[in-house]
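For reference, the structure is listed below as structure tokens.
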Amino acid sequence: MADSPEKNLMDKIISLAKRRGFIYQGSEIYGGLAGVYDFGPHGVELLNNLKREWWDECVSTRENWYGLDSGMFKNPRVWEASGHTKGFSDPLAECRKCNTRIRVDKALEAIGLMADEKMGEEEINTLFDAHRKEIVCEKCGAHDFSPVKKFNLLVKSNLGDFTSDGDEPVYLPGEACQGIYLNFKNVVDSMHPKIPFGIAQIGKAFRNEISPRNFIFRCREFEQADTQLFIKPNENKEAYEVLKQERMNWYLSLGIRKENLRFKQHENLAFYAKDAWDIEYCYPWGFDELEGIHDRSDYDLTQHQKFSGNDLRFNDSETGEKYIPWILETSMGMGRLFLAVLTDAYKEDEMNGEIRTYLKFNYKIAPVKVAVFPLLKNKPELVAKAREVYLQIKKVIPQALWDDNGNIGKRYRRQDEIGTPYCVTIDFDTLDNQTVTVRDRDTGTQQRIPIGDLEDYLKTN
Ligand code: GAP
């Protein structure tokens with residue numbers, strides 16, 4: 001991507017995200033911490049809007065789907081049962097010249113080869129050795145790498161480790177969904193669902209990613225929005241197709257352009273999956289994974305039943321049978337969705353003879369729905385009227401913003417970059433006839449609207 005139009009676009013998005021308070025580098029004043037980002041004031045509003053949309057889609061508007069918020073720390077046995085302590089690793093090699101670490105599977109993929117997740121260290125070293133000359137260190141250009149090691153991605157903590165002997169680490173969650181499996185029996189016992197039923201959760205995940213990259217795309221700390229659909233054994237095929245389609249339609253409902261979304265089936269299956277498809281988005285560097293949709297069969301509950309010694313079978317009152325349900329999972333990285341909507345909304349055009357940048361967010365996800373300002377900030381009668389209108393709007397549209405910084409042109413440019421669909425200006429005519437101008441972000445056109453009609457206008461346009 002070096003100095004390409006794609007890199008240029010990525011740089012512009014990163015710069016706008018910082019300039020306008022969407023995303024900051026984590027621990028920036030200390031030089032940052034690789035793979036960790038913070039959401040700023042407009043970022044957290046956008047993030048919360050996206051979470052609300054997801055929650056409405058996956059919980060609130062459905063019957064037989066239940067929400068959950070489980071603790072991050074879990075009994076260490078959980079990660080043994082899930083397979084993460086053994087199977088959750090990426091192949092790593094280190095450049096002998098500059099010590100840059102690379103993910104060998106990604107480096108092989110870039111030259112058209114596939115390193116299967118199930119390959120052991122010896123096998124992957126053989127493949128890597130045969131293609132060493134084709135793999136270049138992207139930092140220093142050398143071809144000189146250490147042997148490949150499988151590197152476990154779980155992040156350890158010392159919670160409750162008062163002896164410091166380090167024997168029993170407690171892990172941060174490598175995937176958020178384990179909290180759902182652990183509460184499967186609790187939800188069944190307290191909610192008495194009929195099968196099929198779903199459990200949904202948004203939770204943090206942590207991975208010791210070897211090479212965090214592409215801004216918030218691959219991080220070491222991130223959030224996953226997961227649903228687990230519990231179904232009867234062998235009833236996976238049709239339900240899987242329905243789930244895939246529902247998820248794709250949801251992305252379209254956020255206003256993401258259809259041509260920027262596609263399905264891709266995994267050739268290389270994770271250790272828990274029977275079938276796996278990704279929904280990919282066309283990021284500035286090309287199509288890449290936004291969400292994983294996995295057919296996990298009975299893997300998870302069988303493992304937890306075995307390791308915990310608890311009966312995790314579902315008592316099907318309709319058939320009188322007891323069985324371990326199969327699971328269909330959807331798992332979306334919130335940061336990846338955030339970057340997708342930011343990329344999709346990013347636009348440049350020419351307005352009044354100047355190049356302007358704006359974010360064409362769908363109204364329902366826009367972090368600021370409307371900005372209100374007085375035409376001039378040194379005219380107390382205009383400011384007083386503008387405050388009155390602003391406070392009236394804010395009662396019904398909480399994501400309304402007061403802005404009186406700089407001249408009107410600067411305010412429009414700032415609000416365009418935040419993606420604010422409407423700007424309302426209070427001018428001298430307002431004092432005479434109780435009308436305001438409403439400026440549309442996408443076209444720049446302005447309309448005079450009676451103050452009394454403003455709420456309906458903003459909500460329905
Ligand atoms: N429970 C299944 C699971 O964790 P995954 O494919 O490893 O599956 C699911 O992750 C989703 O989580 C991905 O599609 C992606 O959106 C997000 N994700 C995974 N690793 C990530 C990372 N390092 N940084 C940001 N998001 C990540």
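Hydrogens, waters and symmetry mates are skipped; everything else that's a heavy atom, side chains included, is used.
- A donor-acceptor pair under 3.5 Å is formed between the side chain of Asn49 and the backbone N or O of Ile365.
- No side-chain N or O of Glu291 forms a donor-acceptor pair with one of Ser331 less than 3.5 Å apart.
- Taking all atoms of both residues into account, the shortest heavy-atom contact from Ile393 to Ala400 is CG2-CB, 4.1 Å.
- There is no side-chain donor-acceptor pair under 3.5 Å between Gln415 and Lys410.
- Side-chain atoms of Lys150 do not come within 3.5 Å of backbone N or O of Phe88 as any donor-acceptor pair.
- From Thr430, atom OG1 reaches atom CG of Asp427 across 4.0 Å, with rounding to the nearest 0.5 Å.
- No salt bridge links Asp56 with Arg52; every basic N to acidic carboxylate O contact stays at or beyond 4.0 Å.
- Contact detail for Gly255 and Asp344: the closest heavy-atom pair is O-OD2, 3.8 Å.
- Atoms OG1 and CZ, from Thr420 and Arg411 in turn, are 13.5 Å apart once rounded to the nearest 0.5 Å.
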Salt bridge (Lys or Arg N to Asp or Glu O under 4.0 Å) assessment of Arg356 paired with Glu417: CA-CA 9 Å; Arg356 68 144 184 170; Glu417 287 199 347; over 6 Å; no
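- A donor-acceptor pair is defined here as one N or O able to donate and one able to accept, closer than 3.5 Å; no such pair exists between the side chain of Arg439 and the backbone of Cys423.
- With rounding to the nearest 0.5 Å, the separation of CG in Asp278 from CD in Gln265 is 10.0 Å.
- A cation-pi contact, defined as under 6.0 Å to the ring centre and within 45° of the axis, is absent between Arg220 and Phe206.
- Smallest separation of non-hydrogen atoms from Ile231 and Asn236: CD1-CA, 3.5 Å.
- Salt-bridge formation is not detected for the pair Arg387/Glu381: no Lys NZ or Arg NE/NH1/NH2 atom is positioned less than 4.0 Å from an Asp or Glu carboxylate oxygen.
- Note on Glu57 versus Arg62: salt bridge recorded, some NZ/NE/NH1/NH2 to OD/OE distance being below 4.0 Å.
- Side-chain contact between Glu348 and Lys12 is present, with heavy atoms from C-beta onward closer than 4.5 Å.
- A salt bridge links Arg103 with Asp90: the closest approach of a Lys/Arg side-chain nitrogen to an acidic carboxylate oxygen falls below 4.0 angstrom.
- Judged by distance alone, with hydrogens and angles left aside, the side-chain atoms of Lys74 form no donor-acceptor pair with the main-chain N or O of Val78 at under 3.5 Å.
- The number of heavy atoms from other shown groups lying within 6.0 Å of CG (Asn378) is above 12.
- From Phe73, atom CZ reaches atom OG of Ser157 across 4.0 Å, with rounding to the nearest 0.5 Å.
- Side-chain atoms of Ser146 come within 3.5 Å of backbone N or O of Glu94 as a donor-acceptor pair.
- A donor-acceptor pair under 3.5 Å is absent between the side-chain atoms of Ser27 and the main chain of Tyr30, judged by distance alone.
- Classified by interplanar angle (parallel below 30°, tilted 30° to 60°, perpendicular above 60°), the ring pair Tyr283/Trp285 is parallel.
- From Ile449, atom CD1 reaches atom CD of Gln446 across 11.5 Å, with rounding to the nearest 0.5 Å.
- Of the candidates Phe184, Trp65, Tyr181, Tyr66, Phe184 is the only one forming a ring pair (Phe, Tyr, Trp, His ring centres under 6.0 Å) with Phe230.
- Inter-residue side-chain proximity for Asn64 and Pro196 is flagged as unmet; no heavy-atom pair is nearer than 4.5 Å.
- A distance-only check finds no donor-acceptor pair linking the side chain of Tyr346 to the backbone of Lys360 [under 3.5 Å].
- Residues Glu53 and Trp250 share a closest heavy-atom pair of O-NE1, 3.5 Å.
- The closest side-chain heavy-atom distance from Leu328 to Ile293 is not below 4.5 Å.
- Going from atom CG of Leu382 over to atom CG of Leu376 covers 6.0 Å, rounded to the nearest 0.5 Å.
- Using the six-membered ring where Trp is involved, Tyr422 and Tyr363 have ring planes that are tilted, between 30° and 60° apart.
- Lys139 places none of its side-chain heavy atoms less than 4.5 Å from the side chain of Lys97.
- For Glu267, the CD atom is loosely surrounded, since the number of other residues' heavy atoms within 6.0 Å does not exceed 12.
- The backbone N or O of Glu175 lies less than 3.5 Å from no partner atom in the side chain of Asp226, so there is not a single donor-acceptor pair.
- For the pair Leu16 and Leu359, the minimum side-chain heavy-atom distance is below 4.5 Å.
- A donor-acceptor pair under 3.5 Å is formed between the side chain of Arg441 and the backbone N or O of Gly419.
- In this structure, His42 and Phe22 have tilted ring planes: the angle between them lies in the 30° to 60° band.
- Here the closest non-hydrogen pair linking Val368 and Pro421 is O-CD, 3.1 Å.
- Figure legend: Arg247 and Tyr251 shown as a cation-pi pair, the cationic atom lying under 6.0 angstrom from the six-membered ring centre and within 45 degrees of its axis.
- Classification of Arg101 and Glu209 as a salt-bridged pair fails, no side-chain N sitting under 4.0 Å from a carboxylate O.
- For Lys244 and Trp277, the positive end sits near the middle of the six-membered ring, less than 6.0 Å away and at most 45° from its axis.
- Defined by atom type and a distance below 3.5 Å, a donor-acceptor pair is present between the side-chain atoms of Thr435 and Arg448.
- Smallest separation of non-hydrogen atoms from Phe338 and Leu47: CE1-N, 4.0 Å.
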